[in-house]
Participant: 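Handing you a structure now.
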Amino acid sequence: MVETGHKFHDNVSRLVSWAHWFTFFNIILVSLISLRYIKYAGLPDTVLGVAYQFISLIGHFSFVCAMVFGVLLFPLAFMIPIQRLYRFFAIAISTVAVTFLIVDTQIFRLYEFHLTPLIWQFLQRPEQVEQIYSINLHYISIPIIFMIEFAISFFAWRKCRQIQAKAIGKPIAIFLFTTFVITHLAFIWADATQYRPITQQKSLYPLSYPMTARTFLKKQGWLTEDNFEQGVVSQQGKSSTSLKYPQQPLTYLPQDKASNKNILLISVEALRADVLNESNMPFTHSLSQKGLNFTRHFSGASNSSQGLFSLFYALPNRYWHEITLNYVPPILISRLQQQNYQFGLFSSIGFVHPEFLQSSFSNIAPALLQAKNHSGNNSQITRGWLEWLDEQDKQAPWFSFVHYQQTGDALSLNENNFSLAQRSEKMSEYQYQVLNIDLKIKLLVEKLTDSGKLENTIVIITGANGASFEKATSAQAAINNAHVPLIVLWPGQSQQNITRMTSHVDIVPTLMESALGVQNESKHYSDGQSLFNDTARPYLLSGDLIKYVIYQEEKITQFNNDGHISSINWQGITLNENDVDTTLLIDVLTKLRRFNR
């Protein structure tokens, strides 16, 4: 029975007052435990970055603890006005929360991400993976944590009135609130100016979602695209990275023994593997009958941006943020520069996007990049490339990257529910665009042939990503969003249809080993292997920044950080699997941090 009157009011008031100080002492405890994140992540290179790291720790965990107080402890004081029972529930809640925090710090140490429903599922099967078993050992600390919380509860209850009499509560609250506000204001500034020592801490703490306001600042005219790009460029090379890419210094054959072949890399946005036929891409299909045709080739991602990332870096897209935040250049481009290759960069989407400035071409000086890149529509970049080829020094090798964009709204098929007639219309539009791009590729290759340069040029034609024209959650999306054509014209190689599974991450090792003279094993600088290596692999990894897709001979497995795991066969039929292959998923998670220090 709920009491009424002054006695009830006074009792609840005392419980709430105790809960305030109980929460404060837990903020101290949680902050001390969270120093493990800083230990495992390391300190930034600048004083401002270090200051932000510690201020954000206090501000973030103060806010999290305050939310626990506001959502749980405060209403419980009215629902459970019995002092001992209320304190027991508060101790239990705090013990559970702190235990999860300790487990999360261990997961962060092993995999550099935080506890998710997916990892929680792994924790239920510790017998399959030794690393997961070691994490579960942290549950042994629960009795210790409970005793610490009990001691905090006892101390706060005994000393509550004495502490209140000192009138220090308000200054403490103002201090903690100030650290919280500074944390978000500092990140807004860092995000707008691309100040990496702060922006790279975005995911350092669990449940951390720093505020950004780039769009708002642009609308107000306080931030322009030019200013943003200048901030990007100004930060280049100013901070270290936790990446170890490559894993060890690369060694090469003497320059006089390198092949010095020209390289033409052509990528097409959203290019399905099944459009490589005589009707949709007649010329490119004819090339597949003359060169190496990889029929089961997959992009490293289901979208264009990360697909291009996997093409240049031969790394899983999990490294996307680390690479772009730290302007780490791909070893392919670095090696081409060492070999004094001439560059011809052509893209119908241009090169002004931060992804390009910060990753694939980050070691090319901005002025030089502007001088050597050509943007415009597909027809314009094709004409630009034909003119560029005529200007090249016949004695110096060159590397050219040409990226064609799918124009119009044909790709919106996977975003809306269209009628059959509308879908047919959209598909016809897509096929027309593909045929148009095929004509552009024909102009490039015929120009090489007519100029006599084809016999000394490696030509690689592929899709940045695939296309399903279905909802992103559909089985067809999993099958087709990464399945792309790959045709390679390699001087001295005869025609061959290759049916084993290959990936975008295999292209860089192929060029590095067979054209650019690297002597290291591909595992030291990539996640792939040479296309000329016939060794079969247990799986290929693709996906995007939200979910991962594992391609195996018998099935396709998708998983994301929300804990959802599903498998289908190659016909799109869902497989009823009661037991998740934890060993496989842990192997994938391990691979996703292989290049971290």
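None of these values were measured; they are calculated from a predicted model.
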Participant: Answer with yes or no after comparing the ring centroid distance for Phe312 and Phe401 against a 6.0 Å cut-off, counting only values under it.
Facilitator: yes

Participant: For the residue pair Asn465 and Ser299, confirm or rule out a side-chain donor-acceptor distance under 3.5 Å.
Facilitator: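 Their side chains do not contain a donor-acceptor pair, so the 3.5 Å distance test is not met.
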
Participant: Only distances under 3.5 Å count here; give the side-chain donor-acceptor pairs of residues 441-449 to other protein atoms, sequence neighbours excluded, each with its distance to 0.1 Å.
Facilitator:
unit_1, atom_1, unit_2, atom_2, d
Lys447, NZ, Asp390, OD1, 3.0
Lys447, NZ, Asp390, OD2, 3.3
Thr449, OG1, Val445, O, 3.0

Participant: Between Ser305 and Asn303, do the side chains contain a donor N or O and an acceptor N or O under 3.5 Å apart?
Facilitator: no

Participant: Mind checking what makes ring pair (Phe, Tyr, Trp, His ring centres under 6.0 Å) contact with Tyr252, not counting sequence neighbours?
Facilitator: none

Participant: Step through it carefully: locate the ring centre of Phe298, locate the ring centre of Tyr551, and say whether they are under 6.0 Å apart.
Facilitator: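 When the ring centroids of Phe298 and Tyr551 are compared, they turn out to be within the sub-6.0 Å range.
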
Participant: Give a yes or no on whether the backbone of Val434 and the side-chain of Tyr404 come within a donor-acceptor separation of less than 3.5 Å.
Facilitator: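 Not at all, since once roles are kept as given, no pair shorter than 3.5 Å links the two residues.
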
Participant: Taking atom types as modelled, is there a side-chain donor on Gln338 or Arg335 under 3.5 Å from an acceptor on the other?
Facilitator: yes

Participant: Looking only at atom types and distance, does a side-chain atom of Gln493 sit under 3.5 Å from a main-chain N or O of Leu489, one as donor and one as acceptor?
Facilitator: no

Participant: State whether the side chain of Ser542 and the backbone N or O of Ala301 hold a donor-acceptor pair below 3.5 Å, judged by distance alone.
Facilitator: yes

Participant: Would you tell me whether Ser267 and Thr462 have side-chain atoms, one donor and one acceptor, within less than 3.5 Å of each other?
Facilitator: no

Participant: Has the side chain of His114 got a donor or acceptor atom that lies under 3.5 Å from a matching backbone atom of Ser203?
Facilitator: yes

